[in-house]
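Remarks on the structure that follows.
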Amino acid sequence: MSHNSEEWPSRSLLGVLPPVARQELLGLGVETRFEAGEVLLSEGARDRHVLLLLSGFAKVTATVENGETSLLAVRVGGDTVGEMAAMDGAPRSATVTACGSMTVRLLQHGVLHGLLTRRPEVAMALTGIVSDRLRWANRRRLDFRGYPAKVRLARLLVELATAYGRTGESGVVIGCRLTQPEMAALTGAAETTIHKGLRELREDGLLETGYRSTTICDLSRLRQVADLAHEE
């Protein structure tokens, strides 16, 4: 089956790879399906395989010191999960759970290592993505201290639109719909605050929410709310 980069978010691994490398990656491993609520990877596990997500989206969570679960990130088709354990052999640092039906390709760590050796462009792309994720995590920590909740929410929506958005009739469509508690977890805000912030963004004509998607109607104005206009 042939695939092209337009099928994947531009900042995902499958989105950034050149066609030949992408097709080779898509031909590796074993295709597997997961349903909503199924665990793809478990925090603390010692397995070392990597999952290449082809469709759907998943939540990345970890247990914090008080025993509660914290939502760290979302991953969608085109992304990989589990690459850190595959590369360094350490226990899994987080749990990855399917948020609906998903199709993935399971690659044993030896298969991944072989690909990275044969194709340095894949190794470079994967390194860049891991670096982007680290920068994103660092920005979130700084955002918690430096910005009010509505600005943190706007920054999260801009990040999701930039990384995972597709152009639609009304604006940029974010295919991975997060619940308000999940947005609260990702922004470090109270759920009531997120509810109020989303309502204000909708009233201002910046946002439309549907059953399975969120549409950013005016990304430029949202970037201004997020104090990101200077980065355009």
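The first residue in the sequence is number 1, and the count goes up from there.
In this structure, CG in Leu186 is found 10.5 Å from CG in Leu153, a value given to the nearest 0.5 Å. Atom CG of Leu157 is separated from atom CG of Leu201 by 6.5 Å, given to the nearest 0.5 angstrom. A distance of 12.5 Å separates CG of Asp218 from OG of Ser170, quoted to the nearest 0.5 Å. Rounding to the nearest 0.5 Å gives a distance of 5.5 Å between OG1 of Thr162 and CZ of Arg223. Note that the CZ atom of Phe57 and the OG1 atom of Thr97 stand 11.0 Å from one another [nearest 0.5 Å]. Leu14 contributes atom CG, which lies 8.5 Å from atom CG of Asp79 (distance to the nearest 0.5 angstrom).
Under the 4.0 Å criterion applied to side-chain N and carboxylate O atoms, Glu35 and Arg33 are assigned as salt-bridge partners. Classification of Lys196 and Glu191 as a salt-bridged pair fails, no side-chain N sitting under 4.0 Å from a carboxylate O. A salt bridge is absent between Glu208 and Arg202: the closest approach of a Lys/Arg side-chain nitrogen to an acidic carboxylate oxygen does not fall below 4.0 angstrom. Look at Arg155 and Glu159 and you find no salt bridge, because none of the NZ, NE, NH1 or NH2 atoms lies under 4.0 Å from a carboxylate O.
For the pair His49/Leu107, no side-chain contact is recorded, criterion being any heavy-atom separation below 4.5 Å from C-beta on. Side-chain atoms of Val76 and Pro9, non-hydrogen and from C-beta on, do get closer than 4.5 Å to each other. Taking 4.5 Å as the limit, some side-chain heavy atom of Met183 sits within range of a side-chain heavy atom of Leu198. Contact check for Thr167 versus Val173: no side-chain heavy atoms found under the 4.5 Å cut-off. Within the 4.5 Å cutoff, no side-chain heavy atoms of Thr103 are placed close to those of Thr32. Contact annotation: the side chain of Thr214 approaches that of Leu207 to within less than 4.5 Å [non-hydrogen atoms, C-beta and beyond]. The closest side-chain heavy-atom distance from Pro18 to Glu121 is below 4.5 Å. Between Ile174 and Ile216, some side-chain heavy-atom pair lies under the 4.5 Å cut-off.
One hydrophobic cluster, built from ILVMFWY side chains closer than 4.5 Å, cannot hold both Leu126 and Val104; they sit in different ones. Note on Leu72: it does not cluster hydrophobically with Leu156, by side-chain heavy-atom contacts below 4.5 Å among ILVMFWY residues. The hydrophobic clustering, which links ILVMFWY residues whose side-chain heavy atoms are closer than 4.5 Å, places Leu115 and Val81 apart. Connection of Val74 to Leu53 is not established within any shared hydrophobic cluster, with ILVMFWY side chains joined at heavy-atom distances below 4.5 Å, either directly or through further cluster members. Leu228 and Val172 fall within the same hydrophobic cluster, where Ile, Leu, Val, Met, Phe, Trp and Tyr residues are linked whenever their side-chain heavy atoms come under 4.5 Å apart, directly or through other members.
Counting only distance, with no hydrogens or angles, the side chain of Ser42 and the backbone of Ala45 share no donor-acceptor pair below 3.5 Å. Looking at Arg48, its side chain never comes within 3.5 Å of a backbone N or O of Ala90 through a donor-acceptor pair. Here the side chain of Glu200 pairs no donor or acceptor atom with the backbone of Gly197 at under 3.5 angstrom. The closest donor-acceptor contact from the side chain of Thr127 to the backbone of Ala123 lies under 3.5 Å.
The shortest non-hydrogen separation linking Met102 to Ala58 is SD-CB, 3.9 Å. When all heavy atoms of Leu219 and Ala161 are compared, the pair lying nearest together is CD1-CB, 4.2 Å. Closest approach of Ala226 and Val158 over heavy atoms only: CB-CG2, 4.2 Å. Residues Asp204 and Lys150 share a closest heavy-atom pair of OD2-NZ, 4.2 Å. Trp8 and Arg22 get closest at one heavy-atom pair: NE1-CD, 3.7 Å. Of all the heavy atoms in Pro91 and Gly44, the pair that sits closest is CB-O, 3.7 Å.
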Could you go through Glu83 and Arg133, starting from their C-alpha distance and side-chain angles, then the distance that decides it, and tell me whether this counts as salt bridge (charged side-chain N to carboxylate O under 4.0 Å, His left out)? CA-CA 12 Å; Glu83 65 282 339; Arg133 292 175 181 177; 2.7 Å; yes

Between Arg105 and Glu31, does the salt bridge (charged side-chain N to carboxylate O under 4.0 Å, His left out) criterion hold? Intermediate values first, please. CA-CA 4 Å; Arg105 293 199 73 85; Glu31 188 167 302; 3.5 Å; yes

One pair to check against side-chain contact (heavy atoms from CB on, under 4.5 Å): Leu17 and Gln23. What are the steps and the verdict? CA-CA 9 Å; Leu17 287 179; Gln23 286 304 127; over 6 Å; no

Assess whether side-chain contact (heavy atoms from CB on, under 4.5 Å) is satisfied between Val60 and Thr95, documenting all intermediate values. CA-CA 6 Å; Val60 182; Thr95 293; over 6 Å; no

Give the C-alpha distance, both sets of side-chain angles, the deciding distance and a yes or no for side-chain contact (heavy atoms from CB on, under 4.5 Å) between Leu54 and Leu26. CA-CA 9 Å; Leu54 302 181; Leu26 286 165; 3.5 Å; yes

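No more than 12 heavy atoms of other residues, nucleotides or ligands lie within 6.0 Å of CE in Met84, so this atom counts as exposed by the packing criterion. No more than 12 heavy atoms of other residues, nucleotides or ligands shown are found within 6.0 angstrom of NZ on Lys59.
Applying the side-chain contact (heavy atoms from CB on, under 4.5 Å) test between Asp47 and each of His109, Arg92, Gln108 identifies Arg92 as the sole match.
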